[in-house]
**Q** 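Below you'll find the structure I mean.
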There are 2 protein chains.
Amino acid sequence: MPERRTRRKPRRHEQFASKKEAILNAAADLIVENGFENVSLADIARRLNVSKPTLYYYVESKDQLLFELHEIGFAAVKTALDAAQDSDRTGLERLEIFLRHYAEGGFTNFGRALVETGIRGLSPENEKRMRTRQRAADRMLENIIRDGVADGSIDAQTDPAIAANYLFGALNWIAYAPGDWSNLSPRKTARDYVAVICAGLLPRA
Amino acid sequence: MPERRTRRKPRRHEQFASKKEAILNAAADLIVENGFENVSLADIARRLNVSKPTLYYYVESKDQLLFELHEIGFAAVKTALDAAQDSDRTGLERLEIFLRHYAEGGFTNFGRALVETGIRGLSPENEKRMRTRQRAADRMLENIIRDGVADGSIDAQTDPAIAANYLFGALNWIAYAPGDWSNLSPRKTARDYVAVICAGLLPRA
DNA sequence: AATTTGCCTTACCGGTCGGTAGAATATCGC
DNA sequence: GCGATATTCTACCGACCGGTAAGGCAAATT
């Protein structure tokens, strides 16, 4: 007796999303391996064993492909920021939560591709949009630090703007040099990394 | 009476070095402005008001050009490390000296081009050489931090390897986003930046 | 079974890249 | 002034890029 409707073979039009996802994943992998500018659409197609025009059935242009990668990576940043909005906690606790989420994101290929690529290669409009989001994230991190200084959980002489900047720098650096520790658990590594950084922000006598 | 020999017009073969320097400077400027992959040899030639083949009279290939830029940038790193080898000082003091030099280097276009480009675009041999130097610098910084932990000038729970990594990340980030503060004095900005970072490494009760 | 629709192919385009050939020109030693 | 040499030019090459045209084949619809 043939299987009933519940376990049917997926109809073709239902595969569209998953195939597009495969393209995005392959693109992220290749960008991390070789850098955005060294990845051609032919490379992506080759890795997926399809022809180059096939990609255009799923993605309208290389620019758009890059932008969608950025959006996925940025969604993780947004998640990290949302997780750190619990107003019952101190600024330092919220900062640690954010940094931990962010660092974990930095170990994924989407996160690494996001940092690796920066905003290069984006069309002017998309570059503008990404820049706006980056600044927004920067300011939110800055505000968390400011809250921490205000409630005494972070050392008083910390400059929120400078600290936000160097924290992003420190964490984004993970994206460049994670090969050395890629055999370790991202979660644990992120935890250790953040612990060391945050120790430097504790208030002192 | 015409000027005597001491103030003569420079002979042609003496201009070679300065012209090559001009090429390297123009390349660094353009790389910082547009990213390495978006700078063609034609762009560099155009900025210098010469034709493209002229560049090849001074530089043997784009790969070689990039490598020489890396060498200049790396010389600054070496200088920073040498300056921090004064064994009369504590580890933290030496760390501050290094970081300040390094941060200042990060504000030059050679330093920014070095970080901006990373090791992408280098031929396999040159990539290997640069990677080796990077690791060497990383270990030297690590050792300075270790000394600081040993002599008590840096907090005991600091992990030298992780700290070295995030310090490089934090400082390299300057190379990506210095546009916002480019009107300020690099020396003062570097000093402020390093002061905030180092405050986090002081020993605590 | 016939036809429409979704998916993927081969073949190709214009443009740009790094790099080169070879001639033209400016400057040097003599 | 003259030949040698250092410097720069115009013109061009093959490779590769992002992107497109047009059709073939298979699955879904009828």
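Keep in mind that what you see is a predicted model, and the values were worked out from it rather than measured. Order of the sequence lines fixes the chain letters, A, B, ..., with proteins taken first and strands second; residue numbering starts at 1 for each chain.
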**Q** Which residue pairs pass the ring pair (Phe, Tyr, Trp, His ring centres under 6.0 Å) test when at least one of the two sits in residues 66-92 of chain A, sequence neighbours left out?
**A** none

**Q** Please determine whether a side-chain nitrogen or oxygen atom of B/Lys19 lies at a distance below 4.0 Å from atom OP1 or OP2 of D/dT8.
**A** yes

**Q** For B/Glu93, give me all partners under salt bridge (charged side-chain N to carboxylate O under 4.0 Å, His left out), at least two apart in sequence or on another chain.
**A** none

**Q** Within this structure, what is the CG-to-P distance between A/Asn38 and C/dC17, rounded to whole angstrom?
**A** 15 Å

**Q** Strictly below 4.0 Å, heavy-atom distances to any atom of DNA chain C: list the hits from residues 42-70 of chain A, or just say none.
**A** A/Val50, A/Ser51, A/Pro53, A/Thr54, A/Tyr57, A/Tyr58

**Q** What pairs of residues pass the salt bridge (charged side-chain N to carboxylate O under 4.0 Å, His left out) test when at least one of them lies in residues 62-79 of chain A, not counting sequence neighbours?
**A** A/Lys20-A/Glu68, A/Glu71-A/Arg133, A/Lys78-A/Asp82

**Q** Please report, rounded to the nearest Å, how far the P atom of C/dC17 is from the CG atom of B/Leu41.
**A** 9 Å

**Q** Taking A/Glu21's backbone N and O only, do any of them form a donor-acceptor pair with A/Asn25's side chain (distance below 3.5 Å, no angle check)?
**A** yes

**Q** If I take atom CD in residue B/Gln15 and atom C1' in nucleotide D/dT7, what distance separates them, rounded to the nearest angstrom?
**A** 10 Å

**Q** Only counting residues at least two apart or in another chain, list the ones meeting salt bridge (charged side-chain N to carboxylate O under 4.0 Å, His left out) with A/Asp43.
**A** A/Arg46

**Q** Who pairs with A/Tyr57 by ring-ring contact (aromatic ring centres under 6.0 Å, His included), at least two apart in sequence or on another chain?
**A** none

**Q** Take the protein atom CZ of A/Phe16 and the nucleotide atom P of D/dA27, then report the distance between them rounded to whole Å.
**A** 19 Å

